[in-house]
Amino acid sequence: MTSHQELLRRAEQVLRANDVGGAYTRPSPRLYPHQWNWDSAFAALGWARLDWARAAREIETLLLGQWTNGMVPHIRYNPEVTDYAPGPEWWPDVPVRRPGQITSGITQPYVLASASYRVGMLAPDVPSRREWWLNVYDSLVEALLYFPNHRTTGDSPLIVVVHPWESGLDNSPRWDFATGQGRRPSRPYRRVDTTIVDPSARPTGRDYDLYMYLVELFASSHYDLTNYLRRTPFAVHDALFNAAWYRSALDLNRVAAALGRVPAVRQAALAEFRGAYHRTLWDGAVGLFRDRDVLTGRLIPTDTIAGLMAIYAGLVDAAQAARMLARYGERSRGCLPLPSTLPDQEGFDPVKYWRGPVWVNTNWMLIQGLADLGLHREAAELTTRTVDLVRAAGFHEYFHAYSGQGVGGGDFTWSAALVIDLLHGSGSRLR
Ligand code: 2M8
């Protein structure tokens, strides 16, 4: 059996092989050649254990793509790379702050501020930590506040996600209600992903028709939520996305306190957000949070790992977290922990991307939340099972929900980075 040392060595090899010029880490060599938002946040956590300055740089380069309104886009394109679709031609007139930056027009779960807090905590000494936090703090706050300022509707403080790609869990069966409407973009588009990875493990043609339709729609709405909401079939209060934002707000407040600044988000606003999250998304009958279709006002009746992310955010107490996790475990008996979609759900597929396979990043998020809540046994068990999965299969993008076989892209950055972090004991409190 591969020792921890050997696993760490291999994980480091993956990160170094995906390092593009010391500037950013591509998620996977061929499948994802550009810089992705939450991938870079996770990558930084691995780098922080190997080369702290490189971790800091990962976050700084991602922030180079920030927009004038504060949004950090989901992709910062590398102009030298052309074999990814959709390319920047699908995202016209992006309001980047720095001329020359090329980005997509949507964002991703905002784990970046939480990652920046942790990277800062791992700095070699207190002066370097402070100096680096001072460097990135304003950008991180602007990125955080982009959401309450530009991505809410009506009187809810919850954030509206406008594209399945924004959710990070692209083809989750939660989004089938929209895919099923048969929308298509006005122009032909190409796919590269299915020439690299077995198409049976990737989103379908129908999924992509919707993705590209929504790309066109959001771009032609000038990336403005109000314009977009008038015309779209897809706008959701996503349980994972909102949980990630909340945790980033808490973590940024910790940075603010360390820097002697006023909180990034005030207690009253956090309490209001917490209240709305519970009132809007909790489904007592299933004992999980669900996502809400903003257009109909109804909860989307599909149970996935997103429903557990209140644990990551500290939006539930230890007793509720333990109940939620136990129930998820019972409903996914026979699967490796924790499948991205529960196997009793319509649309579950053990091998297809976000419809069932196990992912390292979502497990990692839950491990952090469990540890923070003092659920150390649960955190330790999930850590062991996650590391063992990767040890047996390699640093794949995702893992077959029953067999654990590696699927999707190989040499996948966040699988390596987060295993490095877990092997350094990140499932125990870092405060
Ligand atoms: C996947 O999404 C991209 C689009 O952003 C794709 O399929 O091309 C998702 O797993 C997403 O969460 C991830 O950030 C990205 C890169 O790893 O790949």
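Remember, it's a predicted structure, so these values are computed and weren't measured experimentally. Remember, it's 1-based here, ligands and their atoms both numbered in the order they're listed. Side chains included, hydrogens not; waters and symmetry mates left out as well; all remaining heavy atoms used.
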Student: Checking S200 now: which residues fulfil side chain to side chain contact (heavy atoms under 4.5 Å, CB included) with it, not counting sequence neighbours?
Tutor: D198
Student: Which side-chain hydrogen bond (donor to acceptor under 3.5 Å, both in side chains) pairs, counting each pair once, include a residue from residues 333-344, with sequence neighbours left out?
Tutor: R331-D344
Student: Is there a donor-acceptor pair closer than 3.5 Å between any side-chain N or O of Y328 and the backbone N or O of P339?
Tutor: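 Side chain of Y328 to backbone of P339, a donor-acceptor pair under 3.5 Å: yes, one is there.
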Student: Is the backbone N or O of R26 less than 3.5 Å from a side-chain atom of D39, with the two atoms forming a donor-acceptor pair by type?
Tutor: no
Student: List, ordered by chain and residue number, the protein residues whose closest non-hydrogen atom lies under 4.0 Å from any atom of ligand 1.
Tutor: P27, Y32, W36, W38, D39, H74, Y84, Q108, W165, G168, D170, R202, Y353, W354, W359, F412, W414
Student: For A276, check side chain to side chain contact (heavy atoms under 4.5 Å, CB included) against everything at least two apart and list the hits.
Tutor: P157, L158, R279, T280
Student: After noting the C-alpha distance and the side-chain angles of S28 and E397, does the key distance pass the side chain to side chain donor-acceptor pair (under 3.5 Å) rule?
Tutor: CA-CA 8 Å; S28 183; E397 186 180 9; over 6 Å; no
